[in-house]
There are 2 protein chains.
Amino acid sequence: MDSAAETQTPIQEAWALLGRLFWDMRPRMIRVAADVGLTPPQLFALRMLDPDEPVPMRALAAALSCDSSNVTGLVDGLEAQGLVERREAEHDRRIRLLVVTPRGNDVRERMLAVVQQVPEALQELGADDQRALRDILQRALG
Amino acid sequence: MDSAAETQTPIQEAWALLGRLFWDMRPRMIRVAADVGLTPPQLFALRMLDPDEPVPMRALAAALSCDSSNVTGLVDGLEAQGLVERREAEHDRRIRLLVVTPRGNDVRERMLAVVQQVPEALQELGADDQRALRDILQRALG
DNA sequence: TATTGTTATACTCTATAACTATA
DNA sequence: TATAGTTATAGAGTATAACAATA
């Protein structure tokens with residue numbers, strides 16, 4: 001049994017820890033969706049919409065990594081609750097633009113307030129670690 | 001308009017960046033599930049099982065944050081493919097223990113090999129940043 | 001011809017409630 | 001009585017294929 005073969009590199013260890021961190025967010029996501037009257041997929045859809053800029057159905061399907069026929073149903077659900085509206089695009093009448101209603105934006109903001117809550121484990125880091133974490137992630141993703 | 005009110009703290013920025021990082025993993029998860037012949041929920045279920053230690057259905061339901069009636073269906077699917085087996089527990093005959101078959105473990109390993117792949121953005125970090133990231137996450141989660 | 005979105009279809013996911021077997 | 005798991009049921013998610021409208 002070669003123990004060296006099973007030794008993870010630092011970044012592999014980091015990735016595994018991040019996996020745990022995000023998996024632990026699952027119950028929170030399920031709960032907040034229910035709290036605002038949405039299913040998790042509907043929550044993700046509303047999350048991807050832009051309150052300031054109408055989004056074509058097509059773009060939402062791409063953002064959700066799913067088929068456009070699926071988006072039809074998700075948007076039907078959101079529209080039935082008055083959270084989004086379909087609007088025709090002026091320059092291309094094939095396209096339906098998704099507009100977040102004021103009520104939809106209210107739900108969206110309440111949902112985001114929970115989703116964006118920093119997990120306790122990260123909040124308990126020292127100020128130096130918190131800044132270092134941000135800096136490293138900005139170098140990687142920024 | 002008070003711009004200070006919208007300024008994120010370092011850890012809030014970090015959390016937002018992590019959210020992006022994980023959302024970007026979605027297509028990969030959907031693809032690897034299809035590649036090994038599973039749906040995403042089935043993949044998560046197989047992921048949570050322990051190849052060395054049989055897991056009660058109940059524990060799997062808790063790990064997946066879902067109802068136990070749902071686990072029945074997921075395990076039915078995995079069992080139909082010969083990836084897991086239900087076994088009775090000796091000390092308590094109400095409990096069904098889930099055993100990963102050799103074939104199930106093969107699928108599981110192939111799936112993990114993809115899931116555990118470190119995203120390119122993190123791989124491109126310098127060695128110092130990679131170690132620092134691991135160290136910080138270990139302090140937070142370890 | 002190609003693209004956007006919808007519909008028809010089939011299957012899976014999911015929770016609730018009622019049930020069986022066991023403790 | 002309480003717990004582990006299943007079944008029945010209903011509704012939502014999902015992709016594929018076929019379609020209409022538009023480009």
Side-chain angles (χ1 to χ4, degrees), chain A residues 26-49 54-81 83-99 107, chain B residues 23 26-49 54-81 83-99:
Chain A
R26 243 177 95 91
R28 178 196 281 188
M29 298 299 283
I30 293 170
R31 200 174 332 114
V32 64
D35 285 347
V36 299
L38 299 176
T39 62
Q42 287 172 341
L43 179 143
F44 293 137
L46 185 55
R47 169 94 174 73
M48 300 313 292
L49 295 181
V55 172
M57 308 264 306
R58 186 87 186 154
L60 180 56
L64 295 174
S65 306
C66 73
D67 192 83
S68 60
S69 64
N70 190 15
V71 172
T72 296
L74 294 176
V75 171
D76 283 349
L78 295 174
E79 201 171 29
Q81 295 195 48
L83 307 181
V84 308
E85 286 174 8
R86 287 168 162 99
R87 178 192 300 170
E88 281 193 1
E90 298 150 355
H91 58 297
D92 185 341
R93 281 162 51 203
R94 293 174 300 183
I95 296 174
R96 298 300 182 96
L97 296 173
L98 299 172
V99 181
V107 168
Chain B
W23 186 259
R26 244 177 96 90
R28 176 196 284 188
M29 298 298 284
I30 294 170
R31 200 174 330 114
V32 65
D35 285 348
V36 298
L38 299 176
T39 62
Q42 287 172 342
L43 179 143
F44 292 137
L46 184 56
R47 169 96 174 72
M48 299 314 290
L49 295 181
V55 171
M57 309 261 307
R58 187 85 187 154
L60 180 55
L64 295 174
S65 305
C66 74
D67 192 83
S68 60
S69 64
N70 190 15
V71 172
T72 296
L74 293 177
V75 171
D76 284 348
L78 295 175
E79 202 171 28
Q81 296 197 47
L83 307 182
V84 307
E85 286 175 9
R86 286 166 163 101
R87 179 192 299 169
E88 281 193 0
E90 296 151 357
H91 60 294
D92 186 339
R93 283 162 51 205
R94 293 173 300 182
I95 296 175
R96 300 299 183 97
L97 295 174
L98 299 173
V99 181

Heavy-atom nearest nucleotide on DNA chain C taken for Leu74(B) and for Arg96(A); more 5' hit belongs to Arg96(A)
Winner on side-chain proximity to Thr39(B), out of dT7(C), dC13(C), dT22(C), is dC13(C)
State which of dA4(D), dC13(C), dG5(C) makes the closest approach to the side chain of Pro41(B).
dC13(C)
Provide, to the nearest angstrom, the distance between the [atom1] atom belonging to [X] and the [atom2] atom belonging to [N].
X: Leu38(B); N: dT14(D); atom1: CG; atom2: P; value: 17 Å
X: Asp67(A); N: dA10(C); atom1: CG; atom2: P; value: 17 Å
X: Leu78(B); N: dC13(C); atom1: CG; atom2: C1'; value: 13 Å
X: Ile95(B); N: dT6(D); atom1: CD1; atom2: C1'; value: 15 Å
X: Glu79(A); N: dA12(D); atom1: CD; atom2: C1'; value: 17 Å
X: Glu88(A); N: dA21(D); atom1: CD; atom2: P; value: 13 Å
X: Asp76(A); N: dA12(D); atom1: CG; atom2: C1'; value: 12 Å
X: Arg87(A); N: dG5(C); atom1: CZ; atom2: C1'; value: 18 Å

Less than 4.5 Å apart, any side-chain heavy atom of [X] and any of [Y]?
X: Met29(A); Y: Leu43(A); answer: yes
X: Glu90(A); Y: Leu97(A); answer: no
X: Leu64(A); Y: Met48(A); answer: yes

Check this one for me: any side-chain N or O of [X] less than 4.0 Å away from OP1 or OP2 of [N]?
X: Arg93(A); N: dG5(C); value: no
X: Arg94(B); N: dT6(D); value: no
X: Asn70(B); N: dC13(C); value: no

Test side-chain contact (heavy atoms from CB on, under 4.5 Å), reference Leu49(A), set Val75(A), Leu83(A), Val99(A), Leu98(A), output is Leu98(A)
Which atom of Leu46(B) lies closest to which atom of Leu78(B), heavy atoms considered:
N-CD1, 4.2 Å
Please determine whether any donor N or O and acceptor N or O are separated by less than 3.5 Å between the side chain of Ser69(B) and the base of dT16(C).
yes
Assign Asp92(A) to base, sugar-phosphate, or nothing according to its heavy-atom contacts below 4.0 angstrom with the strands shown.
sugar-phosphate
